[in-house]
Amino acid sequence: MAEPARTVPRLLFDRVARTPHAEAFRHPAGDDWSSVSWGEVGSRVTALAAGLIGRGIAPGAHVAVCAVTSYEWILADLAIVCAGAVTVPIYPATPPADVAALLRHSGSVLTFTDRPLPTTPLLYLNRLGELEDEGRRLLAADPEAVAARIAGVTPDHLATLIYTSSSDGTAKGACLSHAAVAYEARAMARLGMLTSSDLQLLWLPLSHVFGRALLFVGVHLGLPTFVDGRADRVVRHLGDVRPTFLGSVPHVLGKIRTGVESGAADLGRLRFVLSGSARLAR
């Protein structure tokens with residue numbers, strides 16, 4: 001039996017190797033949605049990671065992501081860790097002055113974002129193609145550039161620095177290693193919260209640990225995930241996408257239930273569970 005992945009890059013590329021043609025993510029594309037395979041994800045992440053290397057992102061460097069949950073957010077996150085760097089997620093509604101303070105405190109050298117921010121070099125998520133093109137040119141000259149970075153990532157290396165609130169109102173940075181992130185994905189899979197036959201709807205902020213945990217358990221299991229962080233679209237997606245799993249927080253589940261019961265009774269019965277998730281019975 002193969003040894004379980006103990007780093008995020010290995011979690012991703014073990015999945016890519018096992019099911020390259022299986023659906024990985026769906027995401028909004030204009031008035032419709034687009035589907036991508038695990039092989040496509042692996043290719044884009046490799047190019048983006050090479051682009052970061054080409055821009056001088058060193059192993060262990062801190063790179064922030066401040067944006068609403070999206071497929072591009074996920075690509076940026078995976079590219080950062082595959083370049084050997086550390087993802088610093090920042091809640092998208094954080095006031096600009098506080099964003100600047102968190103970036104200074106974390107020592108972030110670059111920020112992926114979907115909005116202008118008055119700090120650090122910025123890379124807009126709607127312009128990832130430029131970074132990919134840079135990465136593909138680097139890979140043409142050095143095909144092993146990303147593989148070498150991934151090989152240098154060990155389970156005890158820092159994978160992400162997540163800022164959380166505290167009793168005194170000052171944000172505290174929680175350090176999570178690659179081993180911790182990979183273990184959590186395996187542990188959630190063993191609990192049976194999700195299975196490989198599920199279709200997940202992921203809208204939670206990826207700046208919080210629960211949203212990232214749901215992302216990585218999806219990678220571990222190889223299940224497809226529909227990604228859209230716009231909270232006002234959740235009920236619509238329940239009808240259009242027909243997910244079997246929705247991760248959330250209790251008060252939002254209550255609002256969703258009200259919306260479903262009042263305007264979308266044909267979606268099926270919602271069963272609420274203690275984990276803060278809902279499963280749709282079709």
Side-chain angles (χ1 to χ4, degrees), residues 2 4-5 7-30 32-52 65 67-83 87 89 112 125-126 128-129 131-132 135-136 146-147 150 159-160 178 181-182 184-186 188-189 193-206 210-230 233-234 237-238 240-247 277 279-280:
T7 68
V8 175
R10 283 272 53 89
L11 196 70
L12 170 64
F13 284 101
D14 283 359
R15 169 51 51 200
V16 171
R18 283 196 290 267
T19 56
H21 305 296
E23 184 180 34
F25 297 103
R26 298 179 198 176
H27 60 93
D32 203 349
W33 52 267
S34 180
S35 175
V36 294
S37 69
W38 288 109
E40 290 171 309
V41 172
S43 177
R44 290 200 68 184
V45 167
T46 300
L48 289 166
L52 290 175
V65 185
V68 172
T69 292
S70 66
Y71 174 53
E72 290 75 18
W73 203 116
I74 293 168
L75 291 175
D77 184 16
L78 293 171
I80 291 166
V81 294
C82 286
T87 302
F112 285 91
L125 289 176
N126 63 354
L128 290 182
L131 185 65
E132 281 184 81
R136 295 191 193 284
V146 175
I150 290 175
T160 187
H178 281 268
V181 174
E184 185 174 39
R186 298 195 304 273
M188 289 175 69
M193 287 180 62
L194 288 142
T195 70
S196 58
S197 61
D198 274 311
L199 169 60
Q200 176 179 203
L201 171 57
L202 180 59
W203 70 275
L204 288 167
L206 291 172
F210 186 35
R212 297 281 282 299
L214 291 175
L215 165 63
F216 289 122
V217 71
V219 176
H220 173 64
L221 290 170
L223 59 88
T225 296
F226 187 98
V227 188
D228 188 351
R230 295 172 293 181
R233 302 292 181 95
V234 172
H237 290 328
L238 292 177
D240 295 342
V241 181
R242 298 281 179 147
T244 60
F245 184 91
L246 169 70
S277 60
R279 189 169 290 279
L280 279 170

Item to complete: Would you confirm whether R26, through its side chain, and S35, through its main-chain N or O, come within 3.5 Å as a donor-acceptor pair?
Response: no

Discussion item. Do R242 and L199 make a side-chain contact, defined as non-hydrogen atoms from C-beta onward lying under 4.5 Å apart?
Written reply: no

Worksheet item: Can you tell me if S196 uses its side chain to pair, donor with acceptor, with the backbone of G222 under 3.5 Å?
Response: no

Discussion item. Restricting to non-hydrogen atoms, name the atom on T69 and the atom on L206 that form the minimum distance, rounded to 0.1 Å.
Written reply: OG1-N, 3.1 Å

Worksheet entry | Residue pair L52, L131: steps toward the side-chain contact (heavy atoms from CB on, under 4.5 Å) verdict | CA-CA 7 Å; L52 290 175; L131 185 65; 4.0 Å; yes

Fill in: G39 backbone acceptor or donor facing S43 side chain under 3.5 Å
no

Worksheet item: Between W203 and R233, is a side-chain contact (heavy atoms from CB on, under 4.5 Å) present by the stated rule, with each step listed?
Response: CA-CA 9 Å; W203 70 275; R233 302 292 181 95; over 6 Å; no

Item to complete: Evaluate the side-chain proximity of F226 to P28: yes if any heavy-atom separation is below 4.5 Å, no if none is.
Response: yes

Fill in: Side chains of P9 and H178 in contact at under 4.5 Å (non-hydrogen atoms)
yes

Discussion item. With a 4.5 Å cut-off on side-chain heavy atoms, are F13 and T46 touching?
Written reply: yes

Fill in: Check: L204 and L214 side chains under 4.5 Å, non-hydrogen atoms
yes

Discussion item. If I compare all heavy atoms of P243 with all of H237, which pair ends up nearest, and what's the gap?
Written reply: CD-O, 3.8 Å

Discussion item. Do I150 and R10 make a side-chain contact, defined as non-hydrogen atoms from C-beta onward lying under 4.5 Å apart?
Written reply: yes

Practice prompt. Would you check if I80 and V65 make a side-chain contact, meaning some heavy-atom pair closer than 4.5 Å?
Written response: yes

Fill in: D228 side chain to R230 backbone, donor-acceptor under 3.5 Å
yes

Worksheet item: Can you name the closest pair of heavy atoms from R186 and H220 and give their distance?
Response: CG-CE1, 3.8 Å

Worksheet item: Looking only at heavy atoms, what is the nearest atom pair of S70 and L125, with distance?
Response: OG-CD1, 4.4 Å

Worksheet entry | Closest heavy-atom pair and its distance - A189, V217 | N-CG2, 3.8 Å

Worksheet item: Rounded to the nearest 0.5 Å, how far does CE of M188 lie from CZ of F210?
Response: 6.0 Å

Item to complete: Give the minimum heavy-atom separation between W38 and G218, together with the two atoms involved.
Response: CZ2-O, 3.9 Å

Worksheet item: Any side-chain heavy atom of F112 sitting closer than 4.5 Å to one from D77?
Response: no

Fill in: I74/V41 under side-chain contact (heavy atoms from CB on, under 4.5 Å): CA gap, chis, key distance, verdict
CA-CA 10 Å; I74 293 168; V41 172; over 6 Å; no

Discussion item. Using side-chain contact (heavy atoms from CB on, under 4.5 Å), reason through V36 and R44 one step at a time and then give a plain yes or no.
Written reply: CA-CA 11 Å; V36 294; R44 290 200 68 184; over 6 Å; no

Worksheet item: Is there a donor-acceptor pair under 3.5 Å between the side chain of D198 and the backbone N or O of T195?
Response: yes

Response to the item:
Exactly one of Y71, W33, W73 clears ring-ring contact (aromatic ring centres under 6.0 Å, His included) with H27, and that residue is Y71

Discussion item. Taking the basic N atoms (NZ, or NE/NH1/NH2) and the acidic carboxylate oxygens, is any pair closer than 4.0 Å for E132 and R136?
Written reply: yes

Worksheet item: Any donor and acceptor pair, going by atom type alone, linking the side chain of T160 with main-chain N or O of T87 inside 3.5 Å?
Response: yes

